[in-house]
**Q** 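Pasting a structure below so you can have a look.
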Number of protein chains: 2
Amino acid sequence: MKTPATEDDRVWRALSDGRRREMLDRLADTPMTTGAIVEAFAPLCRTGVMKHLEVLVAAELVVVRWQGRVRWNHFNPVPIDRISRRWIDGRRRKMSSALRRLKDVVELSLDPDETVEPIKPVKPERMK
Amino acid sequence: MKTPATEDDRVWRALSDGRRREMLDRLADTPMTTGAIVEAFAPLCRTGVMKHLEVLVAAELVVVRWQGRVRWNHFNPVPIDRISRRWIDGRRRKMSSALRRLKDVVELSLDPDETVEPIKPVKPERMK
DNA sequence: ACAATATGTCACAATATAGTGACATGAAGA
DNA sequence: TCTTCATGTCACTATATTGTGACATATTGT
């Protein structure tokens with residue numbers, strides 16, 4: 001990504017990592033201190049956990065709250081709701097027509113001139 | 001990601017890049033040849049475009065169909081629908097209760113012992 | 001046969017990301 | 001005060017991702 005990174009970009013990026021999705025999943029059940037998260041994600045080291053949390057906080061998927069020396073990490077569902085609306089719900093129509101097109105195309109693939117498997121060009125091993 | 005990468009992982013990864021999301025957005029309107037995509041995404045070079053397409057194909061978000069020497073790239077909405085169901089719809093309940101918890105916590109933050117802003121520990125500039 | 005076209009592959013550089021260990025600091029408790 | 005605890009920051013390595021140019025190959029049209 002060379003553009004400045006929008007809010008949505010940060011959310012998608014944050015969600016692209018399975019560990020972070022798992023962290024969110026746990027935090028959606030209940031807020032946790034950083035230490036508790038570290039235990040839950042062993043053998044990943046504490047610094048590693050904190051880096052993931054940093055990404056989640058930057059995306060506003062996690063909200064931090066302090067209680068003395070303890071840091072509580074809270075899941076914030078708003079950003080996910082936002083990208084879900086913008087990207088999923090806002091495209092339902094497009095998607096269903098795309099699906100229809102795709103089905104047509106795949107079914108037509110018995111036509112000798114057209115293939116779904118790219119067995120046509122160059123040496124078969126190269127043009128996979 | 002050190003684990004083998006599941007189907008869902010590949011989808012999330014693919015969606016984490018804004019360019020790829022934009023490609024999908026266009027392909028959702030209409031299938032395109034690789035050349036047409038390259039034109040649309042100038043000044044990104046052809047090899048760059050193909051790498052993005054490769055990621056999208058690996059995630060099954062794009063289905064390829066050959067017609068002579070021309071490669072048609074079709075958007076496949078199924079994987080997005082899948083992660084949407086598993087991750088968004090399947091967590092609605094969790095999310096709304098998390099939101100309630102979060103609101104409570106944020107409102108309570110007038111309590112002198114508890115803060116949302118991490119202004120407590122260490123030197124203020126360091127413990128951001 | 002030949003040239004132009006559309007695509008695939010390779011080798012490489014630049015940058016981003018994930019992860020670790022060492023060290024530092026404020027809070028809480030004895 | 002002194003010790004432990006929870007956390008933050010820095011320096012560094014390893015790996016992944018992104019991007020480019022050069023070259024190769026099949027298809028199409030002349």
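Atom set for the values below is all heavy atoms of this structure, side chains included, hydrogens, waters and symmetry mates excluded. In the text below, chain A, chain B and the rest are named by the order of the sequence lines, each starting its count at 1.
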**Q** Rounding to a whole Å, what distance do you find between A:Asp17:CG and C:dT17:C1'?
**A** 9 Å
**Q** Reckon A:Gly48 touches a base, only the sugar-phosphate, or nothing at all at heavy-atom distances under 4.0 Å?
**A** base
**Q** Has the side chain of B:Thr47 got a donor or acceptor atom sitting under 3.5 Å from an opposite partner on the base of D:dG21?
**A** yes
**Q** Checking contacts here: which listed nucleotide (D:dT7, D:dA22, D:dG19) is nearest the side-chain heavy atoms of B:Leu44?
**A** D:dG19
**Q** Rounded off to whole Å, could you give me the CD1-to-C1' distance for the A:Ile37 and D:dG8 pair?
**A** 15 Å
**Q** Measuring only between side-chain heavy atoms, which start at C-beta, is A:His74 closer than 4.5 Å to A:Met32?
**A** no
**Q** Does OP1 or OP2 of D:dG19 have a side-chain N or O of B:His52 closer than 4.0 Å?
**A** yes
**Q** Name the pairing partner of D:dT30, where a pair is Watson-Crick or G-U wobble with both distances under 3.5 Å, or state none.
**A** C:dA1
**Q** Any non-hydrogen side-chain atom of A:Asn73 less than 4.5 Å from a side-chain atom of A:Thr33?
**A** no
**Q** How many Å lie between CE on A:Met32 and P on D:dA6, as a whole number?
**A** 14 Å
**Q** In sequence, state the C-alpha distance, the side-chain angles, and the governing distance for B:Asp9 and A:Arg21, and then conclude on salt bridge (charged side-chain N to carboxylate O under 4.0 Å, His left out).
**A** CA-CA 10 Å; B:Asp9 280 334; A:Arg21 288 197 302 278; 2.5 Å; yes
**Q** Rounded to whole angstrom units, what separation is found between the CZ atom of A:Arg21 and the P atom of C:dA18?
**A** 12 Å
**Q** On the nucleotide D:dA16, are OP1 or OP2 found under 4.0 Å from the side-chain N or O atoms that B:Arg13 carries?
**A** no
**Q** Can you identify which nucleotide, out of C:dA18, D:dT28, C:dT7, has its nearest atom closest to the A:Lys51 side chain?
**A** C:dA18
**Q** Whole Å only: how far is the CE atom of A:Met50 from the P atom of C:dT17?
**A** 18 Å
**Q** Rounded to whole Å, please give me the gap between CG in A:Asn73 and P in D:dT7.
**A** 8 Å
**Q** Side chain of A:Arg69: nearest nucleotide among D:dT20, C:dA28, D:dG8?
**A** C:dA28
**Q** Evaluate the ring planes of B:Trp12 and A:Trp12, with Trp represented by its six-membered ring, and classify them as parallel (under 30°), tilted (30 to 60°) or perpendicular (over 60°).
**A** tilted
**Q** Using heavy-atom distances to pick each residue's nearest nucleotide on DNA chain C, tell me which of A:Val49 and B:Trp72 is more 5'.
**A** B:Trp72
**Q** Does D:dT18 have OP1 or OP2 under 4.0 Å away from a side-chain N or O of B:Arg20?
**A** yes
**Q** For a quick check of understanding: with a heavy-atom distance under 4.0 Å over all strands, which category does B:Thr34 fall into, base, sugar-phosphate or nothing?
**A** sugar-phosphate
**Q** Starting from C1' on D:dT17, measure out to CG on B:Leu53 and report it in whole angstrom.
**A** 16 Å
**Q** Applying side-chain contact (heavy atoms from CB on, under 4.5 Å) between B:His52 and each of B:Leu44, B:Val57, B:Leu24, report the one that passes.
**A** B:Leu44
**Q** Which nucleotide sits closest to the side chain of A:Arg46: C:dA6, C:dC23, D:dA6?
**A** C:dC23
**Q** Measure from CD on B:Glu39 to P on C:dT7 and round the result to the nearest Å.
**A** 10 Å
